[in-house]
Amino acid sequence: LLSQEKPSGETALSYVEYLASDALKGRDTGTPGYEKAVRYVAEHYEKWGLEPAGDNGTYVQEFPFAYHQYQFEIPQLVIEKRAFYAQDRDFSVPRYTGGGKVEAEVVFVGYGISDPDRGLDEYAGLNVRNKIVLAMRGAPSDDVERWKGVDTDSAKTAVAQMNGAAGIMLCADFQEENRSVSWWRLRPGNYKQGFIAYGVDERVVRFLLKKDELEPDRMFLSRMREQQKKLDIELVPMSFNTGKKARMEVEVEYDAECIGKNVLGMIRGTDPDVGDEVIVLGAHLDHLGVRFGQVYPGADDNASGSAVVMEAARVMMANQVKPRRTIVFACWGGEERGLLGSRHYAKHPTLPIEKTVLNFNLDMVGLGDKSAFGGVYYGPKIWKIIKGNATEETLDFLQPDRGGPGGSDHTPFIVRGIPAFFLITRPWDAHPDYHQPGDVTEKISAELMGKVAEFLYYNTLLIANYDENLMVENRHALYIHKSAVVANLHPVPYEAGMAVLDSLENEWIDIQLVTVPPDSLENPSERLTALLSSLDEAMEAKTDLSKPNNAGMAFSSRRDGIISVTGLEGVESVSGDVTHLRMAAKLGAKYFILNGADGKWICPEKCLTDEGKKAIKVMNKQKIIIILRNQPEQVVSDILETSRHPVIIAGVKNAESMNADLLKKIGEKGGLLALAYNPSTDADDFLHRAEAFKESIGWKHLVLYPCFGGDLHVDRLDEMLNITIALKDKGMDEQEIGDLLGGNLESIFRKVLGIRPQRRHF
Ligand SMILES: [Zn+2]
């Protein structure tokens with residue numbers, strides 16, 4: 001079709017030129033500059049003839065939010081005459097800090113938790129009235145469950161305010177590797193005129209907390225780590241008044257009742273059957289505005305994405321396309337303030353969200369030479385269609401990625417189960433001016449934007465006109481299942497090559513137990529040698545949970561592939577010798593499945609021997625997770641009595657068959673009951689059993705594992721989805737479902753293996 005208009009990078013660049021111009025002052029949502037951007041997009045939509053898709057027949061959808069912005073003055077931090085600088089990353093100014101000037105003594109309050117009911121009051125015996133408090137991120141031992149509600153930055157700020165403090169400094173805890181200044185998350189409710197909050201770097205922390213300036217940094221750090229350990233384990237506060245005076249000064253503007261805007265236009269679908277299905281092309285229109293006197297133009301972030309969405313709209317209208325499905329062109333507001341606009345749309349959609357079949361989100365598509373295409377794990381069908389129709393050139397340009405929630409405006413869609421793809425140009429380091437005043441139009445590549453616009457144009461039409469069904473059944477449950485950490489306690493035996501694990505490299509399992517079963521060799525030392533060499537091979541062959549890089553990555557929905565956890569199976573596999581046990585632990589054994597009786601540790605009369613008790617203690621010390629399978633109640637009880645760490649009990653049939661005291665003891669120890677779930681039998685039957693256990697021991701102490709009666713049928717693991725659908729239909733929330741699928745097991749792994757959660761900031 002020669003007469004057809006094609007998307008043009010040059011035209012898109014002309015939109016960027018205006019949107020990132022000085023006149024718009026960084027397009028901060030709620031400012032006159034942002035209003036200009038809104039008008040610009042809406043006027044173009046109107047000129048091209050798009051149908052309005054905003055409120056009341058307009059192109060605009062409004063949403064309320066609390067406006068907060070730093071003013072033109074440079075923020076200050078001076079401690080005992082020493083000045084620190086925000087531009088040197090000594091400290092950061094979080095959103096929703098109050099403005100003003102505070103000059104006061106600094107009191108260190110540990111994690112900043114004041115909750116005597118839960119056994120910790122770090123403010124006890126301190127007077128922080130009109131003083132500045134310094135608090136660490138997180139909570140003792142990172143026990144998210146126990147300290148729920150009091151471990152957030154925002155909760156700590158509220159506690160400081162309640163205690164009459166005049167300001168707060170937030171810092172990393174001492175166990176964290178990266179202790180540099182980072183962004184802290186306060187809430188609009190934390191805003192209080194005159195109360196100042198900063199995030200501070202370890203340089204500031206050292207300066208404040210060292211009693212002797214000459215103390216070497218390393219000694220200081222290990223001293224603080226020791227104290228923090230005591231706080232973590234024994235809840236002994238490490239709070240003290242530093243006696244040092246600090247001055248904090250910053251100016252901010254705050255408006256609790258501001259209005260943000262999305263700009264929405266559409267081309268209505270023409271098909272009588274699928275015309276009401278919706279494809280949303282979105283990009284955020286807002287940027288950071290003016291901070292401390294500097295304009296942040298945001299040409300790449302994200303005038304570029306908005307411009308590409310506009311260009312796709314222009315060309316579709318010029319070519320008078322008549323798509324079968326409806327196409328919405330969305331420029332979101334408030335992204336930089338926490339995805340406010342796209343979240344509002346997803347909650348209050350102007351077109352049916354349950355009929356929305358796809359979201360393409362563009363955020364930073366002006367620099368680099370390729371484009372990431374995140375989301376293929378969550379939207380495999382759409383990806384398949386795109387891939388199947390793409391030229392080699394397009395496939396070379398696109399870099400498919402697992403994707404997932406977080407970071408940009410595709411999030412409110414993907415968490416509802418809508419296939420949502422995130423386009424951001426690559427390489428990653430192609431965006432060096434990200435969130436910097438240097439993100440200007442002159443650096444933007446028209447050619448690159450042209451390529452992205454072309455991709456968007458053709459693939460949107462491809463999907464819009466696709467003649468097969470695009471509605472995914474149970475898509476929300478599917479999303480929950482895919483984003484959960486699904487752990488499989490049903491172990492696969494280790495064998496060289498591990499073909500079975502390779503075949504598991506799909507979306508259905510995230511953590512898989514791999515066992516090294518006892519060899520049949522008669523001679524204990526030969527048996528040990530065989531065991532250890534298998535273990536060694538197994539550890540080499542596969543990603544293991546405890547390897548530094550995987551520990552943090554393991555429990556993330558963005559992770560690719562399967563994490564294997566290697567351990568021992570069969571109480572006799574170490575020949576009743578704790579030396580063998582220690583060696584296995586050194587080589588990487590992470591768990592021990594104790595089943596049967598070996599006559600040494602577990603005697604045939606069904607009890608734990610004294611030697612067995614010693615062995616349990618060694619397992620505790622070596623951080624080996626204890627899993628009991630088909631053990632009589634007496635043995636379970638003895639091991640619970642002996643073990644310092646929580647214990648996992650597998651092979652339990654139903655709650656009625658278990659001693660109530662024993663159940664209670666498992667719960668008190670923080671242990672888990674692992675319930676077998678056979679996907680080919682009725683999910684309702686499993687739910688019934690799980691409910692009974694929930695009554696007696698609580699949801700936090702349950703985990704399920706697939707059991708097809710006998711072998712692990714790798715090819716049938718996708719049937720695990722049925723239980724998620726059933727749980728969701730029962731009204732169970734996402735968190736609880738995730739806990740049952742593997743979240744609770746993950747907590748025990750963390751506890752016993754000593755893995756601290758990886759904190760995410762954005
Ligand atoms: Zn952005």
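If you read the sequence from its start, that first residue is 1, and numbering goes on from there. Note that ligands are numbered from 1 as they come in the structure, with each ligand's atoms numbered from 1 the same way.
For the Zn ion (ligand 1), the N/O/S atoms of E335 include none lying under 2.8 Å. Residue D363: an N/O/S atom is found under 2.8 Å from the Zn ion (ligand 1). Here H284 reaches the Zn ion (ligand 1): one of its N/O/S atoms is less than 2.8 Å from the metal.
Taking the N/O/S atoms of D301 in turn, the shortest distance to the Zn ion (ligand 1) belongs to OD1.
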Criterion side chain to side chain donor-acceptor pair (under 3.5 Å) on D300 and H431, from CA distance to verdict: CA-CA 8 Å; D300 181 39; H431 308 277; 2.6 Å; yes

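The environment of R187 atom CZ is sparse: at most 12 non-hydrogen atoms of other residues, nucleotides or ligands sit within 6.0 angstrom.
The aromatic rings of Y96 and Y254 sit perpendicular to each other, their planes meeting at more than 60°, with 30° as the lower class boundary. Ring pair Y15/Y40 is perpendicular by interplanar angle, where above 60° counts as perpendicular and below 30° as parallel.
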